[in-house]
Amino acid sequence: MPTPTGGVAPRPRRHVPVIPRAEEMSVIGRGATRQVQTMTASMMAQSVPGTNPLKLLGSMPGISYNSADPLGIDLWSQSFLMRGFSQDQLGFTLDGMPLGLQSYGSAQGLNVINAISQQNIQSIDVSQGAGAVNVPSSSNLGGVVQFHSIDPADTFGGKVSQTFGSYDSYLTFVRIDSGRLNRSGTKFFVSYSRGDEQKWKGSGSQFLQQVNTKLVQPFGESTKLTAFFDWDQATADTYADLSLENLHKLGSRVSYYYPDYAAAYRTALYGAGLPGGALPAGYNRVSDPVDASYYDGPATSHDYFGGATLRTDLTSHLNWTTTLYGQGKGFNAYWTNPYIASPSGAPLAEQDNGSLSQRGGLTSDFVYTIARNKIDVGVWYEHGAYEPFYTFYNEPVLGEGAPLNPRNSLPPAFAEAWRLHYVNDTVQTHLQDTVTILPNLRINAGFRSLLFKGTSNVLENDPAYSGGTPPSGTLRNDAAFLPQFSINYRVTHRQELFFDFSKNMRIFPEAGYNQASPWGSATQAIFNEEKNSLKPETDYVFEGGYRYNSPIVTGLLTLYHTDFHNRLASVTEGNLVNIESLLRNVGNVEMNGVDGTLTLRPVDGLSLTNSISYNSSKYGSNLMEDGTFYDLKGKQEVNYPKLMYKANLSYQYKGAFAHIDVIYMGKRYLSYTNDTHVPSYWLANLGAGYHFGKFGFLKNVTASFNIYNLFNTVYISNMGESGNPLSGDYQSFQIGAPREFFGTISAGF
C-alpha cells in the first residue's frame with residue numbers, strides 16, 4: 001500500500017483494539033517521512049456545505065485563513081497562508097492535476113472552490129514545509145495541498161442537500177451516481193450545485209453555480225481510466241477594503257455606495273472640484289475621502305477544468321500513471337473609477353481589469369518497486385496563454401439613464417488602456433527513491449528540475465489611459481537541481497520521528513501593467529534592468545518532528561527552519577483604482593517556528609484537539625526606495641501572525657453530534673517596517689446535528705445547524721489583498737463577517 005509520501009508501507013503489526021473516534025479536524029500522517037495531515041469528507045461535514053475547502057484547512061496548525069465572506073466564495077476577500085507562505089507560494093493539486101495559484105484572478109490557476117464542489121471532495125492532504133518532488137507545481141516554496149475527489153458509487157443512487165442561512169443565503173446540491181453499468185465496472189457521477197448569499201454589509205451577493213462529473217472505467221484488474229470535469233460560473237460583489245484611518249474614523253460598516261449611484265456621482269464631482277460635489281456624512285474626516293469608497297466592485301468568472309488519468313501495472317513491479325488536463329478561464333474585475341470621467345460627461349467610469357487564460361499539460365510517472373526500493377521517475381509539462389486587459393465603460397450623467405450593471409451584458413468599451421499577451425512553458429522532471437532500510441526506518445531522497453520560459457507582448461496600449469507603455473520580453477527561471485531528503489524512524493508502534501529537507505523555487509508571477517510582476521514594470525528600461533537583476537524566490541526548508549498515535553492520544557510536535565532567499569515583496573502605491581504595485585526584492589528572510597497538536601479521546605465519541613503555532617519570520621536586510629531608507633532588517637513578515645491557537649471539541653452519541661471550535665489569531669503587521677498592525681482576535685464557531693437514518697427511499701437523512709462567529713466578534717479578517725505599504729497605513733484589509741446561522745437537510749437515495 002502506498003504511504004502519503006509514496007514510500008513502502010511499514011510491515012503489518014499486531015492488532016491493537018481501537019476505540020471508535022469522534023471526528024477530530026485532521027488525521028496526522030502516520031508513517032510519513034514529512035509532516036502530512038489529512039482531512040476527510042466526514043471531518044469536512046462539520047462545516048456548512050459549500051464552504052471554501054481552504055477555509056476548512058484553517059483549523060490545522062500553521063495555517064491562517066481569513067475571509068470577509070463567511071463561506072469563502074468571494075476570492076478577493078480571502079487570504080490563505082501556511083507557515084508564512086501565501087497561497088501563491090504553495091502548491092495545489094486536484095486528483096494530481098495542478099490547480100496553480102489560488103489567488104483572486106490568478107494568471108494561471110483556479111481556486112479549489114471553483115474547481116470542485118466541497119461535497120465531492122473525498123480527502124485533503126496537507127504537507128507543510130515540503131511537498132513531494134513529484135507534485136506538479138512551479139510555485140511551491142512552503143508545502144503542498146492535494147485535493148482528492150470521491151469516486152462514483154458502485155450502486156445507483158445519489159445525494160441531495162439544501163442549506164439556508166443568514167442574509168438570504170442558500171445552497172442546493174444534487175449528485176447522481178450511475179452505479180456499475182456493466183461487467184467491466186464503468187461508473188460515473190454528475191453533480192450540480194447552486195448557491196447565493198447576500199452581503200452582510202452593503203448591497204450585492206456572492207453567487208456560484210457549478211457542475212462536476214467523474215467517470216471511472218476499469219480495464220481488467222491492472223488498468224483504470226478516470227476522468228474529471230468541472231464547469232462553474234461565479235459572480236461576487238466584493239467587500240470594501242479599509243485602512244486603519246477609515247476604520248477608526250468611519251467605522252467597520254463602510255461599504256460600496258451601490259446601489260446609491262447619486263452618492264458615488266457626487267463624491268466623484270467633489271474629487272474633480274466640480275459643482276454639485278458632496279461627500280457622505282463623516283467622510284470629510286478622512287485624508288482621502290474620494291478613495292474611501294466606490295460605487296461598486298463586482299467580479300465575474302467562468303471556468304472549465306478537467307482531465308483524464310490512466311493508471312496501469314505494466315508488470316508486477318512497474319506502474320505507469322499519466323494524466324492529461326486543461327483549463328479555460330474568463331475573469332472580470334470591475335470597479336467604478338472616480339478618477340476618470342466618461343465621454344457622457346459623468347465624472348466617473350466603470351473599469352474592468354480582466355483576463356482570459358488557457359493552460360494544458362500532462363504528468364507522467366513510472367514507479368518501479370524492487371527489493372527495498374520504490375523508485376519514482378516522471379515529468380510534468382504545461383503550456384499556457386494569458387491575456388490581461390484594462391478597459392473603461394461609459395457611465396451615464398446623473399438622472400439620464402441607469403448606471404451600468406457589469407453583472408449583465410455591457411456596451412462596447414470607450415477605451416482600452418492596455419492589453420497584454422503571455423505565453424509560457426513549464427517543464428519539471430523528478431527522480432526519487434524511497435528505501436526501507438529497516439522495518440522501522442525509511443528514507444526518501446530525490447530531486448526535481450524546473451524549467452520555465454515566459455514571453456509577453458503588448459497587443460494594445462492607449463497612453464492617455466495607461467499613463468505609459470507596458471514593457472514586453474522574455475524571462476526564464478531555471479533550476480536544474482532542487483533536492484529533497486526525508487526520513488521516518490518508528491521508535492515504537494506508537495511513536496515516530498521524522499525529518500525532511502528541501503530546496504524550492506517559485507517562478508516569476510505574470511500580471512498586468514503596473515502590477516506586481518517583472519512584466520508589470522512601468523517602462524521597458526526598468527523591465528530590462530529587472531530582467532538582469534531580479535532573481536526568482538528560492539528557499540531551503542528544514543523540518544523535524546515527533547508523532548504519537550494511540551487510541552486515546554494523538555500528538556504531533558514539529559520544529560522548522562527556513563532560509564528564504566530573494567523575497568519578492570508586493571509594494572503598493574497610489575489608490576485602489578489606480579494601484580501601482582511594485583515588485584521589490586527585500587532580501588533574505590529567516591523563519592523559525594514550531595507547530596504542536598494534541599488530540600484526546602478520553603471516552604467513546606468525545607474528541608478534544610488543541611494546537612498551537614509560533615512563527616518568527618524576519619527580513620534580513622533594509623531597503624532603499626526612491627531615495628527613502630526603510631528599516632526592514634529584523635522586522636516580522638507582514639500579514640501572518642507570530643502566534644495562533646486552535647481548539648476543537650466534538651462529541652457523537654448515537655445519531656447526535658455537536659462541535660465547537662475556537663481560534664486565536666495573534667496580531668499581524670500591515671507594513672513592512674512594522675509601524676502599523678492589526679490587533680489579535682478570538683473567534684468561535686458552533687455546530688450540531690442529528691443522523692435520522694432511513695426514511696422510505698431516503699437514507700442517511702441528516703439535519704445540521706451551524707453558527708459562524710458565535711460571539712459576534714468584530715475583527716479584521718483578510719489583509720494584504722491590495723498589497724502592503726513599506727511604511728504606514730494603506731487601504732488593504734477587510735472586516736470579518738458577523739454572527740451568521742446556517743441550517744442544512746441532506747439525504748442519500
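What's counted below: heavy atoms across the whole structure, side chains too, no hydrogens, waters or symmetry copies. We count residues from 1, following the sequence as given.
Counted within 6.0 Å of NZ on Lys201, heavy atoms from surrounding residues, nucleotides or ligands total more than 12; the atom is thus considered enclosed. Residue Tyr653 places its OH atom among 12 or fewer non-hydrogen atoms of other residues, nucleotides or ligands, all under 6.0 Å distant.
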Is there a side-chain hydrogen bond (donor to acceptor under 3.5 Å, both in side chains) between His691 and Thr702? Walk through the geometry before answering. CA-CA 4 Å; His691 298 296; Thr702 301; 2.9 Å; yes
Given side-chain hydrogen bond (donor to acceptor under 3.5 Å, both in side chains), test His148 with Asp95 step by step and report yes or no. CA-CA 5 Å; His148 307 281; Asp95 291 344; 4.7 Å; no
Derivation and outcome, ring-ring contact (aromatic ring centres under 6.0 Å, His included), residues Tyr664 and Tyr645: CA-CA 5 Å; Tyr664 170 78; Tyr645 167 76; 8.0 Å; no
Verify ring-ring contact (aromatic ring centres under 6.0 Å, His included) between Trp682 and Phe711, making sure each step is shown before the conclusion. CA-CA 9 Å; Trp682 287 89; Phe711 300 110; over 10 Å; no
Residue pair Tyr104, Phe331: steps toward the ring-ring contact (aromatic ring centres under 6.0 Å, His included) verdict: CA-CA 10 Å; Tyr104 175 83; Phe331 174 79; 5.0 Å; yes
Determine, stepwise, if the pair Phe742 / Phe164 fulfils ring-ring contact (aromatic ring centres under 6.0 Å, His included). CA-CA 6 Å; Phe742 299 91; Phe164 292 103; over 10 Å; no
For a side-chain hydrogen bond (donor to acceptor under 3.5 Å, both in side chains) check, start with the C-alpha distance between Gln210 and Tyr192, then their side-chain angles and the critical distance, and finish with the verdict. CA-CA 6 Å; Gln210 190 167 36; Tyr192 174 73; over 6 Å; no
Could you check Ser611 against Thr597 for side-chain hydrogen bond (donor to acceptor under 3.5 Å, both in side chains), going step by step and ending with a plain yes or no? CA-CA 4 Å; Ser611 71; Thr597 301; 4.8 Å; no
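For the pair Trp76 and Asn718, the minimum side-chain heavy-atom distance is 4.5 Å or more. For the pair Asn114/Leu208, a side-chain contact is recorded, criterion being any heavy-atom separation below 4.5 Å from C-beta on. You'll find the side chain of Gln146 stays beyond 4.5 Å of the side chain of Ser127, heavy atoms only. Thr238 has its side chain out of reach of Tyr334: every pair of non-hydrogen atoms, C-beta onward, lies at least 4.5 Å apart. Two residues are said to be in side-chain contact when any heavy atoms from C-beta on lie closer than 4.5 Å; Glu197 and Leu71 meet this criterion.
Using a cutoff of 4.0 Å between basic side-chain nitrogens and carboxylate oxygens, Asp661 and Lys646 are not scored as salt-bridged. Salt bridge Asp177/Lys187: absent, no basic N to carboxylate O contact under 4.0 Å. The pair Lys199-Asp74 fails the salt-bridge criterion, with no side-chain N (NZ, NE, NH1 or NH2) lying under 4.0 Å from an Asp/Glu carboxylate O.
The aromatic rings of Phe705 and Phe741 lie parallel to each other, their planes meeting at an angle below 30°, with 60° marking the opposite boundary.
Taking all atoms of both residues into account, the shortest heavy-atom contact from Ser184 to Gln217 is OG-NE2, 3.1 Å. Contact record, Ala32 with Arg547: O-NH1, 2.9 Å, taken as the closest heavy-atom pair. The two residues Ser149 and Leu94 make their nearest non-hydrogen contact at N-CD1, 4.4 Å. Ser205 approaches Gln198 most closely through the heavy-atom pair CB-NE2, 3.5 Å. Across all non-hydrogen atoms, the minimal contact from Ser746 to Ser161 is CB-CB, 3.5 Å. Residue Gln734 comes nearest to Ala68 through the heavy atom pair OE1-CB, 3.4 Å, listed as atom of the first residue, atom of the second, then distance.
A donor-acceptor contact shorter than 3.5 Å links the side chain of Arg601 to the backbone of Ser550. A side-chain donor-acceptor contact under 3.5 Å links Glu721 to the backbone of Phe733. Remark: side-chain polar atoms of Thr713 are not paired, donor with acceptor, to backbone N or O of Tyr715 under 3.5 angstrom. Formation of a donor-acceptor pair under 3.5 Å by the Ser106 side chain with backbone atoms of Leu101 is found in this model.
Interatomic distance, CG of Leu710 versus CG of Leu686, reported as 5.5 Å (0.5 Å rounding). Within the model, atoms CD of Gln209 and NE2 of His302 stand 12.5 Å from one another, a figure rounded to the nearest 0.5 Å. Atom CD of Glu740 and atom CG of Asn709 lie 8.5 Å apart (nearest 0.5 Å). Between atom CG of residue Leu54 and atom CZ of residue Phe92 there is a gap of 5.5 Å, rounded to the nearest 0.5 Å. Atom CG of Asp303 sits about 6.0 Å away from atom CD of Gln327, to the nearest 0.5 Å. Here the CD1-CG distance, from Ile116 to Asn111, works out to 12.5 Å after rounding to the nearest 0.5 Å.
Cation-pi check for Lys329 over Phe305 is not met; the charged atom does not lie both under 6.0 angstrom from the ring centroid and within 45 degrees of its normal. A cation-pi arrangement, defined by a distance under 6.0 Å to the six-membered ring centre and an angle within 45 degrees of its axis, is absent between Arg494 and Tyr546.
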